[in-house]
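For reference, the structure discussed in these notes is given below.
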Amino acid sequence: MSAVTDACNLMNNYTRWPIRLVKGKGNTVWDDQGKEYLDCTSGIAVTSLGHVPPQVTERLHQQLDQLWHTSNLFEHPLQEQLAAKLAQLSGLDRVFFCNSGAEANEAAIKLARRYQQKVKGEQRYEIITFRQSFHGRTLATLTATGQDKVKDGFLPLPEGFATVPYNDLPALSAAISPHTCAVMLELVQGEGGVLPADPQWVSAVAQLCAKTGVLLIIDEIQTGVGRTGSWFAYQQYGIKPDIVSLAKGLGSGFPVGAILAGEEVGEAFSPGTHGSTFGGNPLAMAAGLATLQVIEQEQLLQRVGELNRYLISRLEQIKESHPGKVTAVRGMGLLVGIELSQSAADVVSHVREKGVLILQAGPQVVRLLPSFVTTEAELDRLTDALDEAIAAL
Ligand SMILES: *Cc1c(COP(=O)(O)O)cnc(C)c1O
């Protein structure tokens, strides 16, 4: 037992860095010793507008004085407004609000099954997902996740899930049967190593789903709300999903999740079929509305594209100057991965010593998730620290 576990009542399910952050502003966070860090993690793709963004803070302050919680027994003007905005941005007309990513994917799975079984009257229950995917930590979503490490010790798992290789059309084709309900897919596998889906494969998957009556669920919990440079990553792939799940970036750090679906599929959630006590509460809706407004007004989608090009070109230079150490640079928007020929943990801790916070995605991939309000000068600080850390490998 470590000193930390002895002194602390928290369960030991996280491996934490020995840093106690107490304050944040923009892309800077401070620990309890007053040490300053450049945050290129955004709380794992959550604080996309930086820490304590003024417009969202102001909107939350106003809402704190108005109303916090009513339950879903009442009509909800703010839910209606945020749903209308999400429908306008996505082209998917029906929205359900919840509090987290796993809860959004649970809702997506339930909606898909309910639509197939009650609306279409077909005995379709199986959800097909992909190797290396990540969909959450509840029993259904960890079963959907294509990584064995999240399942260890949690048997028996719910039935009706299958996993096939990513970017592999014949494997998916072979797995689809009359029992297939939906395919659930990340367009960039975030936790699994920042692996973008092949665009040709994605269009073929969408066609295959349409042809076989299988619903296409896109998990945009990490990629959604501007992270890839469009409102949703599927818009860059030119497909129209049946169901989309969102969470991380939607509330700028205030917990909020959602699923979006077209009219026909969305109707399968009839009264009493699904719910959440806290889902769509006024504070979460205020945070969501303010977040979307800032992204729109400050043209941050365009900015994500510019920052992507700047960051990728700097990383390509680093790759060139350390032959053999960096094996790939990839990603979309401000979800960027650097694949190394050795352990990513060393680079993450070296860079942290220099006051820059970054993440890992698997043993050999460094994951960068800067906020949309990062400056080129801040990206220089990040890439200088990375250059030094990779040189030291
Ligand atoms: C983070 C994440 C989830 C789970 O979200 P939680 O809010 O942690 O439950 C699901 N899918 C993807 C793609 C994610 O990145």
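All ligand and atom numbering here is 1-based and tracks the order in the structure.
- Val46 belongs to no hydrophobic cluster with other residues, because no ILVMFWY side-chain heavy atom falls under 4.5 Å from its own, directly or through intermediates.
- Distances below 4.0 Å separate heavy atoms of Lys248 from the following atoms of ligand 1: 1 (C), 2 (C), 3 (C), 14 (C), 15 (O).
- Side chains of Leu386 and Val351 form a contact here, defined as non-hydrogen atoms less than 4.5 Å apart.
- For ligand 1, one of its N or O atoms has an N or O atom of Phe134 under 3.5 Å away.
- For ligand 1, the atoms lying closer than 4.0 Å to a non-hydrogen atom of Gln222 are 15 (O).
- No cation-pi contact links Arg114 to Tyr125, judged by a cut-off of 6.0 Å to the six-membered ring centre and 45° from its axis.
- Contacts between Thr141 and ligand 1, counted as non-hydrogen atom pairs separated by less than 4.0 Å, are absent for every part of the residue.
- Considering backbone and side-chain atoms alike, Glu103 places every N or O at 3.5 Å or more from each N or O of ligand 1.
- With salt bridges taken as basic N to acidic carboxylate O contacts below 4.0 Å, one links Arg303 and Glu306.
- Residue contact check: Ala102 has heavy atoms under 4.0 Å from atoms 4 (C), 5 (O), 6 (P), 9 (O) of ligand 1.
- Of the charged side-chain nitrogens involved, at least one lies within less than 4.0 Å of a carboxylate oxygen, so that Glu263 and Arg94 count as a salt-bridged pair.
- Atoms of ligand 1 found under 4.0 Å from any heavy atom of Asp219, numbered from 1 in the order shown, are 10 (C), 11 (N), 12 (C), 13 (C).
- Near Asn105, the atoms of ligand 1 lying under 4.0 angstrom from a non-hydrogen atom of the residue are 10 (C), 11 (N).
- Interface atoms of ligand 1 facing Glu186, defined by a heavy-atom separation under 4.0 Å, are 13 (C).
- Ring geometry, Phe269 versus His274: the interplanar angle falls under 30°, so the pair is classed parallel (tilted spans 30 to 60°).
- Ion pair Asp384/Arg314 flagged as a salt bridge, since at least one NZ, NE, NH1 or NH2 atom sits closer than 4.0 Å to an Asp/Glu carboxylate oxygen.
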